[in-house]
Novice: 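Provided herewith is a single structure, encoded as C-alpha cells, for subsequent inquiry.
We number each residue from 1, following the sequence as shown. Heavy atoms only: backbone and side chains are in, while hydrogens, waters and symmetry mates are out.
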Amino acid sequence: MLNTVTTGTPTDKPPLLIVHGLYGSARNWGAIARRLSDDRQVISVDMRNHGESDWFDSHSYPDMAEDLAEVIKANGGQADVIGHSMGGKAAMVLALTHPALMRRLLVADIAPVVYDRTQTPYIHAMRGLDLSQVEKRSDADRLLAKDIPEDGVRAFLLQSLDIKDKRWRLNLDVLEQEMPKIMGFPDVEGPFNGPTLFLSGGDSVYVLPEHRAAIKALFPKARFARIAGVGHWLHAEKPREFTETARAFFNA
C-alpha cells in the first residue's frame, strides 16, 4: 500500500484523503493537513514512484486510482478527497471508477483533459544534478539554479532530495517514460454524482472555460471557484484561503 502520513484522530466524519501532484509528496501538504485535522482525521499519501512509496514500471491514472482505493478501503471504506494537479486527475479517476468510496471531491487546479506542456525538463535538471557535489541543501539549490531559475520551483523539487543518501525520492526514469499518460487523461466512463468542487488559482490557466463541458459530462454536480492572485500552487501560495474554502465545501 502507499506510504501514508496520518494527522489527527478519527471522528464521526469520514477521513480526508490528500493526494499530491507530480514531483510532490505527503510532506508538502503537512501544514494543510494540520489545519484540516481539527475536526477529522487527515490521511496524506505519497503516490507511487514518489516519496516513500514503492516504485513501479507504470504511472497510469487507473493504477494510481487503484492505489488510492486500497488506502480508503483500509481506512473505513469512504473518504472525502483533495487532489492537486496529477493527484487531482488520479482522484477524478478514483471517483469515476469507485464512486462508493468517495463522498465529496475537491479538485485543485486541474481538469480531466489532455495538456500539452510537458514536465520533463525538470526531470532532466534533477537527473543532471551532480549529487557528489551536494553536502547540504544550499549546494543543490545553487547547482540547480542554472537549469531552474525559479526559486519556488527549486524549493519544491528539493523537498524530494535525500541529501544523506544522495538520491531523489522520485522514480525519474518511469516518470519520464510515462509523461504522456501523466499529461493526458484516460477514457473513463462517468458520471460521478457526488458533490465536486473544482478550485483553481485565479492566475492559473489549467482550468479554462472551454474545459467546463468535459468536466460537467463526468461530474454533473461540479461547482467552480477561484482563489484570486495565485497560480497553479494555490494551496502553497494562499494556504489559509485554500483551507477555509476546503473546510466550507466538505462541511456543507
Novice: Is there a side-chain contact between I182 and T118, using heavy atoms and a 4.5 Å cut-off?
Specialist: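 Contact flag for I182/T118 side chains = no.
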Novice: Can you tell me how far CD1 of I227 sits from OG of S204, rounded to the nearest 0.5 angstrom?
Specialist: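 Going from OG on S204 over to CD1 on I227, the span is 11.5 Å.
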Novice: Quick check on the hydrophobic clustering: are L234 and I110 connected, directly or via other members, by side-chain heavy-atom contacts under 4.5 Å?
Specialist: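 L234 does not cluster with I110.
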Novice: I need the minimum non-hydrogen distance between G87 and V19, along with the two atoms involved.
Specialist: CA-CG1, 3.6 Å
Novice: Show the numbers, then the answer: is there a side-chain contact (heavy atoms from CB on, under 4.5 Å) between M183 and Q119?
Specialist: CA-CA 8 Å; M183 305 309 293; Q119 303 297 315; 4.1 Å; yes
Novice: To the nearest 0.5 angstrom, please state how far the CG atom of L2 sits from the CG atom of D67.
Specialist: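 Here the interatomic distance stands at 4.5 Å.
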Novice: With the threshold set at 4.0 Å, does a side-chain nitrogen-carboxylate oxygen contact exist between R127 and D173?
Specialist: yes
Novice: Verify whether one side chain among H59 and N49 offers a donor that lies under 3.5 Å from an acceptor in the other.
Specialist: yes
Novice: At what distance, to the nearest 0.5 angstrom, does CG of N193 lie from CG of L218?
Specialist: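 Nearest 0.5 Å value for the CG-CG distance: 11.0 Å.
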Novice: For Q78 and I72, which heavy atoms make the closest approach, and how far apart are they?
Specialist: N-CG2, 3.5 Å
Novice: Minimum heavy-atom separation for L144 and A125, please, with both atom names.
Specialist: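 Nearest heavy atoms, L144 then A125: CD2-O, 3.6 Å.
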Novice: Is the CD atom of E189 crowded by more than 12 outside heavy atoms at less than 6.0 Å?
Specialist: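 Count not over threshold, so no.
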Novice: Which pair of non-hydrogen atoms, one from H84 and one from H232, has the smallest distance, and what is that distance?
Specialist: NE2-O, 2.9 Å
Novice: Go through the steps to decide whether Y23 and W168 satisfy the test ring pair (Phe, Tyr, Trp, His ring centres under 6.0 Å), and finish with yes or no.
Specialist: CA-CA 10 Å; Y23 310 138; W168 290 97; 9.2 Å; no
Novice: Are F192 and F185 linked, directly or through other ILVMFWY residues, by side chains that come within less than 4.5 angstrom of each other?
Specialist: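 Same hydrophobic cluster.
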Novice: Taking the six-membered ring of Y206 (Phe, Tyr or Trp), confirm whether the NZ or CZ of R117 is under 6.0 Å from its centre and within 45° of its axis.
Specialist: yes
Novice: When you look at CG of D57, are more than 12 heavy atoms from neighbouring residues, nucleotides or ligands closer to it than 6.0 Å?
Specialist: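 At most 12 heavy atoms, drawn from other residues, nucleotides or ligands, come within 6.0 Å of this atom.
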Novice: Linking I/L/V/M/F/W/Y whenever any side-chain heavy atoms sit under 4.5 Å apart, do M86 and L199 land together?
Specialist: no
Novice: Do Y61 and L96 have side chains that get closer than 4.5 Å, going by heavy atoms?
Specialist: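 Heavy-atom side-chain distance check fails, nothing below 4.5 Å.
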Novice: Should L22 and M179 count as side-chain neighbours, where that means a heavy-atom distance under 4.5 Å?
Specialist: yes
Novice: Is there a side-chain contact between T6 and N75 in this structure, where contact means two heavy atoms from C-beta onward sitting under 4.5 Å apart?
Specialist: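 T6 vs N75: side chains apart.
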Novice: Between the main-chain N or O of G51 and the side-chain N or O of S25, is there a donor-acceptor pair closer than 3.5 Å?
Specialist: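 Not confirmed, S25 side chain does not pair with G51 backbone.
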Novice: State, to 0.1 Å, how close H20 and V45 come at their nearest heavy-atom pair, and which atoms those are.
Specialist: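 The pair with the smallest heavy-atom distance is CD2-O, 3.0 Å.
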Novice: Do Y122 and L143 belong together in a cluster built from hydrophobic side chains that touch within less than 4.5 Å?
Specialist: yes
Novice: Could you tell me the separation between the CZ atom of F156 and the CG atom of N28, rounded to the nearest 0.5 Å?
Specialist: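 Between F156 CZ and N28 CG, I get 5.0 Å after rounding to 0.5 Å.
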Novice: Before giving the answer on side-chain contact (heavy atoms from CB on, under 4.5 Å), spell out for I215 and F224 the whole-Å C-alpha distance, their side-chain angles and the decisive distance to 0.1 Å.
Specialist: CA-CA 10 Å; I215 291 170; F224 300 87; 3.7 Å; yes
Novice: Any side-chain heavy atom of W55 within less than 4.5 Å of one from V174?
Specialist: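 Side chain of W55 against side chain of V174, heavy atoms only: no contact under 4.5 Å found.
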Novice: For V107 and G88, which heavy atoms make the closest approach, and how far apart are they?
Specialist: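 Taking V107 first and G88 second, the nearest heavy atoms are CG1-CA, 4.3 Å.
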Novice: State the CG-OG distance between N171 and S53, to the nearest 0.5 angstrom.
Specialist: 12.0 Å
Novice: Checking K238 side chain against G201 main chain: does a donor-acceptor pair fall under 3.5 Å?
Specialist: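 No: the side chain of K238 does not pair with the backbone of G201.
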Novice: Does one side chain, of H50 or S160, offer a donor that lies under 3.5 Å from an acceptor on the other?
Specialist: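 Absent: no donor and acceptor within the cut-off.
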Novice: Are L68 and M47 packed together at the side-chain level, in the sense that at least one heavy-atom pair is separated by less than 4.5 angstrom?
Specialist: yes
Novice: When rounded to the nearest 0.5 angstrom, what distance separates NZ in K216 from NZ in K221?
Specialist: 10.5 Å
Novice: I'd like to know if R247 pairs up with E244 as an ion pair, taking the criterion as any Lys NZ or Arg NE/NH1/NH2 lying under 4.0 Å from an Asp or Glu carboxylate oxygen.
Specialist: yes
Novice: Check whether any side-chain heavy atom of S58 lies under 4.5 Å from a side-chain heavy atom of R48, and answer yes or no.
Specialist: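 Sidechains of R48 and S58: in contact.
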Novice: Going through the distances and angles, do F219 and M92 end up as a side-chain contact (heavy atoms from CB on, under 4.5 Å)?
Specialist: CA-CA 9 Å; F219 302 94; M92 284 189 272; 3.6 Å; yes
Novice: Could you note down all residue pairs passing side-chain hydrogen bond (donor to acceptor under 3.5 Å, both in side chains) where residues 87-108 supplies at least one of them, sequence neighbours left out?
Specialist: E66-H98, D80-R103
Novice: Given the rule in the side-chain contact (heavy atoms from CB on, under 4.5 Å) test, do K181 and M64 qualify, once you have shown the distances and angles that lead to the verdict?
Specialist: CA-CA 11 Å; K181 293 178 185 175; M64 285 187 267; over 6 Å; no
Novice: Answer yes or no: does atom CZ of R167 have more than 12 heavy-atom neighbours from other residues, nucleotides or ligands under 6.0 Å?
Specialist: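 Counting neighbours around CZ of R167, more than 12 heavy atoms of other residues, nucleotides or ligands fall under 6.0 Å, so yes.
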Novice: Side-chain contact test, heavy atoms from C-beta onward, threshold under 4.5 Å: evaluate it for F56 versus D63 and give yes or no.
Specialist: no
Novice: Side-chain heavy atoms under 4.5 angstrom apart, residues restricted to Ile, Leu, Val, Met, Phe, Trp, Tyr: same cluster for F198 and V113?
Specialist: yes
